[in-house]
Amino acid sequence: MENPTLINGRVQNPNLSSLGLQSSVDQSVQLRIFKIIVIGDSNVGKTCLTFRFCGGTFPEKTEATIGVDFREKTVEIEGEKIKVQVWDTAGQERFRKSMVEHYYRNVHAVVFVYDVTKMTSFQNLKTWIQECNGHSVSPMVPKVLVGNKCDLRNNIQVPSSMALKFADAHNMLLFETSAKDPKESQNVESIFMCLACKLKAQKSLLYRDMERQEGKLQLSQASNSKSPCPC
Ligand SMILES: Nc1nc2c(ncn2[C@@H]2O[C@H](COP(=O)(O)OP(=O)(O)OP(=O)(O)O)[C@@H](O)[C@H]2O)c(=O)[nH]1
Ligand SMILES: [Mg+2]
């Protein structure tokens, strides 16, 4: 296997990357990094949700995100420390155009967000899913649906039953929560932890498969070493 190369301070293995099995490794402390992107209409609360997960607080004031903001948090799953790198993307078309390719490149998991008090943000999920599929994101990449702003109980426009049906149809788990309500912070945490756990399980399996395949490859290379065939 080729040696890993250092890209943006992270070690990446070109072989794994081309197979979509890449999970980056933080070179200094040897942590695996899971890249999770947060997608959805402007104003649904993507920045607030990522703040809540990574910083534990609700920001007093937010501006529309331009391009992308990175936040990260190190979590521990079954004794392994993993860096969850959250990409808080821009919902406004004019602030995301040039960045879209970067959002989806080597992504490990996707969080689709809508605002439970705004039906259009739920209806627009179809477009977000299309964009994601249009960037060849593998069906193996776990995706979840998040209905945010549940604290605004009197203004709910998207019934849970409707959201659940949509989530089921797209093979996603549904989380209804609030980035604002501190009582919901555990629920926000579980969105990202659920994805990190899925990724850890999936990647452990994939790496085991890769190792097995590599073992086979090395064996067949060894047995072919005397072959006259040049390839
Ligand atoms: N009541 C309530 N307000 C929220 C919640 N989450 C976010 N907000 C408010 O919704 C507005 C938009 O939040 P942002 O997190 O900036 O929205 P965004 O999705 O990042 O928007 P873009 O960056 O433009 O894509 C802000 O005024 C937040 O204070 C929530 O759970 N409950
Ligand atoms: Mg934002």
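Counting starts at 1 for both ligands and their atoms, following the listed order. Note that the structure is a prediction, hence the values are computed from the model and not measured.
In this structure, the protein non-hydrogen atom closest to atom 28 (C) of ligand 1 is Cys48 SG, 3.8 Å. The single protein non-hydrogen atom nearest to atom 17 (O) of ligand 1 is Gly45 N, 3.2 Å, given as residue, atom name and distance. Among all non-hydrogen protein atoms, the one lying nearest atom 6 (N) of ligand 1 is Asn148 ND2, 3.1 Å. What sits closest to atom 1 (N) of ligand 1 on the protein, heavy atoms only, is Asp151 OD2, 2.9 Å. At the shortest separation from atom 24 (O) of ligand 1 among protein heavy atoms lies Ser42 OG, 2.6 Å.
A donor and an acceptor atom, one from each side chain of Ser185 and Arg52, are nowhere located under 3.5 Å apart. Remark: the Glu184 side chain and the Thr177 side chain contain an N/O donor-acceptor pair separated by less than 3.5 Å. A donor and an acceptor atom, one from each side chain of Gln85 and Trp87, are located under 3.5 Å apart.
Centred on the Mg ion (ligand 2), the OG1 atom of Thr65 and the OG1 atom of Thr47 lie at an angle of 90°, reported to 10°.
The closest side-chain heavy-atom distance from Phe192 to Val111 is below 4.5 Å. Residues Phe95 and Thr65 have side chains not in contact (no heavy-atom distance under 4.5 Å, counting atoms from C-beta outward).
Taking any N or O of Asn43, backbone or side chain, at least one lies under 3.5 Å from an N or O belonging to ligand 1. Distances between N or O atoms of Ala179 and those of ligand 1 include at least one value under 3.5 Å. At under 3.5 Å, a nitrogen or oxygen of Gly91, whether backbone or side chain, sits near a nitrogen or oxygen of ligand 1.
Contact annotation for Thr62 and ligand 1: only side-chain heavy atoms (C-beta onward) come within less than 4.0 Å of the ligand. Here Thr177 has no heavy atoms under 4.0 Å from ligand 1, in either its backbone or its side chain. Residue contacts with ligand 1, taken as heavy atom pairs separated by less than 4.0 Å, involve Val44 via backbone and side-chain atoms alike.
Side chain of His108 to backbone of Ile36: no donor-acceptor contact under 3.5 angstrom is found. Distance alone, capped at 3.5 Å, places no donor-acceptor pair between the Lys198 side chain and the Val141 backbone. Judged by distance alone, the side chain of Asp181 and the main-chain N or O of Asp151 form no donor-acceptor pair under 3.5 Å. For Asn187 (side chain) and Phe175 (main-chain N/O), no donor-acceptor pair under 3.5 Å exists by modelled atom type.
When each atom of ligand 1 is checked for a heavy atom of Asp41 under 4.0 Å away, the hits are 19 (O). Residue contact check: Ser178 has heavy atoms under 4.0 Å from atoms 31 (O) of ligand 1. Atom numbering of ligand 1 starts at 1 in the shown order; those under 4.0 Å from a heavy atom of Ala64 are 23 (O), 24 (O). Every atom of ligand 1 is numbered from 1 in the order shown, and the set under 4.0 Å from a heavy atom of Thr65 is 22 (P), 23 (O), 24 (O). The distance from ligand 1 to the heavy atoms of Leu152 drops below 4.0 Å at these ligand atoms: 1 (N).
A salt bridge does not link Lys126 with Glu131: none of the charged nitrogens is closer than 4.0 Å to a carboxylate oxygen.
Distances shorter than 4.0 angstrom occur between a heavy atom of Phe58 and an atom of ligand 1. Heavy-atom distances between Asp181 and ligand 1 stay at or above 4.0 Å for every pair.
Around the CD atom of Glu76, the shell of radius 6.0 Å holds more than 12 heavy atoms that belong to other residues, nucleotides or ligands.
Comparing Glu60, Gln92, Lys149 against atom 4 (C) of ligand 1, the shortest heavy-atom distance belongs to Lys149.
Paired with Lys46 under the rule side chain to side chain contact (heavy atoms under 4.5 Å, CB included), one option of Thr62, Asp88, Asp69, Asp41 passes, and it is Asp88.
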